[in-house]
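Before any comments, here is the structure.
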Amino acid sequence: MAKKKKKERMKLKKSATFNKKKLKNAILSVLYEEPGKVVNYKQISSWLGIKDPEGRRLVNVAFEEMKDDEYLEQVSRGSYRLKAKTGTICGIVELQPQGFGYIVSDEVDRPVLVSSRNLNNAMDGDKVRVHLYARRKKHDLEGEVTEIVERAKTNFVGTVEMSRNFAFLVPAGKVGFDIFIAKENLNGAKDGQKAIAEIIEWPPKARSPFGKIIEVLGDTGNNDAEMHAILAEFELPHKFPEKVDKVAEKIPFEIPEEEYKKRRDFREVNTFTIDPADAKDFDDALSIRKLENGNWEAGIHIADVTHYVVPNSLIEEEAQSRATSVYLVDRVVPMLPERLSNGVCSLRPNEDKLCFSAVFELTEDARVVNQWFGKTVIHSDRRFSYEEAQEIIESGEGELSVEMLKLNELAKKLRSDRFKKGSIAFERVEIKFNIDENGKPLSVYFKEAKESNLLIEEFMLLANKKVAEFIGKPRGRKKPKTFVYRIHDKPDPDKLESFNSFISRFGYGIQLQSAKTISSSMNNLLDHVKGKKEQNVVETLAIRTMAKAEYSTRNIGHYGLSFDFYTHFTSPIRRYPDMMVHRLLEKYLEDGRSANEQKFEDLCNHSSDMENRAANAERASIKYKQVEFMQDHVGEIYPGVISGITDWGIYVELENKIEGMVPIRELDDDFYTFDEKNYALVGRHKNKKYQLGDDITVKIWRTNLEKKQLDFRLAENNKS
């Protein structure tokens, strides 16, 4: 074991890129060998060969998080040691379809296997304490759940199945049990309806927990019921409490005269918004004018949500709980009540609106030479859709064309400079549906980012970056005040090596020597694969090598954008972290004291969690509509590309971007084994290979809306 850990440390030392997870494991591995050892960031940095300030900052952040998670205890300022451990660990349950579970914990170097009988009613996502057994096999860790520290959820959405005197709720997703519902706890639910049940008891020897129906969503197959069921599955609300809406309705549209006097007035400067054609919540506007010195003043004006939503109010509590708007395939579930999101706060044209603005003086080559942040009042002259803005950019003509073209010219220079400094150019195509009045998908189309999208993106990135720098890089030797950052960790070196190995079969490669060579060679790769059959597979795998972006008060920079400082300031109507940033920025502009770090770190963690849930709900709604759309195409044959390989089947993406699976049991011409390293299924006897990125033709076999599953069979020409 000691040899293995030493080997891992040597590998980390040689690695050009560290991420937080790898770093934490490395710190734990050295401390496990000497449990009483006290270390500081300088010792760990030296031990790992980390000499750059960015890497040392990452070590400090890792120490802080490991202290919060109770892996380390702080002996004195900057010095830490391992907390005493017993024969138990804490971790998160990952329930498997077969009924057993894996417990994933940072305290051990591999998942702990727990049989179904030893889960002791632990459910998927629960935080549990596990007693570790003595190892019976060389490589396996096994254990038994001794305590459920924190339930991931107690409410479940599913379908009601009635018997004469009782019912069961069959939960959606990966749950592993049904919920017993006594007749008196049905709350009016009928057989086959979608409903939400709350677990009220789980007797020790009962196979199923006991529950009660707390909300009936509607009939299975009804579009609203299905979309509400998806939201409920991820514990997201589909409506506002009545009392919150009532409070919102009392907020006036009129701006008091004294408020104008407190703010910088931009009402005479040409200003406009660019948003999707169906949008109603306009939270950002742009203005531009030429200055006497020949430079340009660009204003990024953001809805002043926190002027209307005050701390400790009902609306504030609801926004904090939701943390984000949720975008399903056919609707938006807003973070703020409609009166605010689409009315009072929305930067609608031809209305005076209150904003929090970032104003920059830019040279002709888009270099920022001056900046100002503060409260403003604006009057948007025009509301453009992306399509209308694109038409002006392409034709050079139209209302406010001079301003639009100059902003686009500056945006292109900002973008070019950003890529030169290491930003990675991920541009994914979005799948969209044309839907009828009942929610039925009629056709599929794709949405690609054009210059009008990139124009808005570039100025929002500029504002977010400069706000983060303003707080995160104080003048002199002052310590930065508590702030909310949008952070993005470096990729896992092992994933990068695996990715590099795979793309070599297409004749590609990325340079792994340093963070800069990784990003520049990744951009070259993404540029080279455009328009080629392997484009989607390579792009998908490249994204999978990346860490997830999240919110934190502990800044480690944003790897994907190659920014040392980055935050979210530009969308307070739909994101709670932006509201936090507005409040902190306003406080610090008035020379306020640093806010409580732990309070804001907890809010950051909650916001990251809710963002993840919202993204999963959006994906589930898209998958549901994909399966619903393909119900009318069963039996038809389509060309596709192998987009995923697992030991249970082949995932295939069709030309319309819809993905389904060929189950491994349908590959009946041989016994196929999963070659994980080469992303392939290989026939044991005939050596036939199905590999990621291969062209393949499939027949639509069956659809299962309830499980959001689309199954394919191989077309005849693939069987020979």
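On a predicted model such as this, the values are computed, not experimentally measured, just so you know.
- Geometrically, Lys465 engages Phe563 in a cation-pi contact, judged by NZ or CZ lying under 6.0 Å from the ring centre and within 45° of the ring axis.
- For the residue pair Glu659 / Tyr651, no side-chain donor-acceptor distance below 3.5 Å is found, with atom types taken as modelled.
- Between His488 and Tyr559, the ring-plane angle classifies as tilted under the 30° and 60° cut-offs.
- In this structure, CG on Asn464 lies 4.0 Å from OG1 on Thr570, to the nearest 0.5 angstrom.
- Side chains of Glu601 and Ser552: a donor on one and an acceptor on the other come within 3.5 Å.
- If you look at Tyr41 and Phe63, their ring centroids are not closer than 6.0 Å.
- A salt bridge between Lys466 and Glu469 is present, with a side-chain N of the basic residue lying under 4.0 Å from a carboxylate O of the acidic one.
- Between Lys24 and Glu65 there is a salt bridge, since a side-chain N of the basic residue sits under 4.0 Å from a carboxylate O of the acidic one.
- Annotation: the span from Glu64 atom CD to Gln598 atom CD amounts to 9.0 Å, rounded to 0.5 Å.
- A salt bridge is defined here as a Lys NZ or Arg NE, NH1 or NH2 lying under 4.0 Å from an Asp or Glu carboxylate O, and Asp417 with Lys413 fails to meet this definition.
- Between Glu144 and Arg117, none of the side-chain N atoms (NZ, or NE/NH1/NH2) sits under 4.0 Å from a carboxylate O, so this pair counts as no salt bridge.
- Salt bridge absent: Asp492 and Arg544 never bring a charged side-chain N and a carboxylate O closer than 4.0 Å.
- Note on Glu150 versus Lys127: no salt bridge recorded, every NZ/NE/NH1/NH2 to OD/OE distance being 4.0 Å or above.
- Looking at Asn118 and Ser115, their side chains do bring a donor and an acceptor atom within 3.5 Å of each other.
- The pair Glu550-Arg486 does not count as a salt bridge, with every side-chain nitrogen at least 4.0 angstrom from each carboxylate oxygen.
- For Thr324 and Glu611, the side-chain atoms include no donor-acceptor pair closer than 3.5 Å.
- Note that OG1 of Thr553 and OH of Tyr485 are 9.0 Å apart. Values are rounded to the nearest 0.5 Å.
- Of the N and O atoms on the side chains of Thr567 and Tyr551, not one donor lies less than 3.5 Å from an acceptor on the other residue.
- A donor atom on one side chain and an acceptor atom on the other are found under 3.5 Å apart for Ser571 and Arg574.
- With 3.5 Å as the limit, one finds no donor-acceptor pair spanning the side chains of Arg613 and Asn616.
- A donor atom on one side chain and an acceptor atom on the other are found under 3.5 Å apart for Ser594 and Thr482.
- Using the six-membered ring where Trp is involved, Tyr672 and Tyr690 have ring planes that are tilted, between 30° and 60° apart.
- A salt bridge is defined here as a Lys NZ or Arg NE, NH1 or NH2 lying under 4.0 Å from an Asp or Glu carboxylate O, and Glu73 with Lys67 fails to meet this definition.
- Within 6.0 Å of atom CZ in Arg151, more than 12 heavy atoms from other residues, nucleotides or ligands are found, so the atom counts as buried in its surroundings.
- Remark: Glu676 CD is loosely packed, at most 12 non-hydrogen atoms of other residues, nucleotides or ligands lying under 6.0 Å away.
- Phe356 and His582 have perpendicular rings, their planes meeting at more than 60° on a 0 to 90° scale where under 30° would count as parallel.
- In this structure, CE on Met610 lies 13.5 Å from CG on Asn605, to the nearest 0.5 angstrom.
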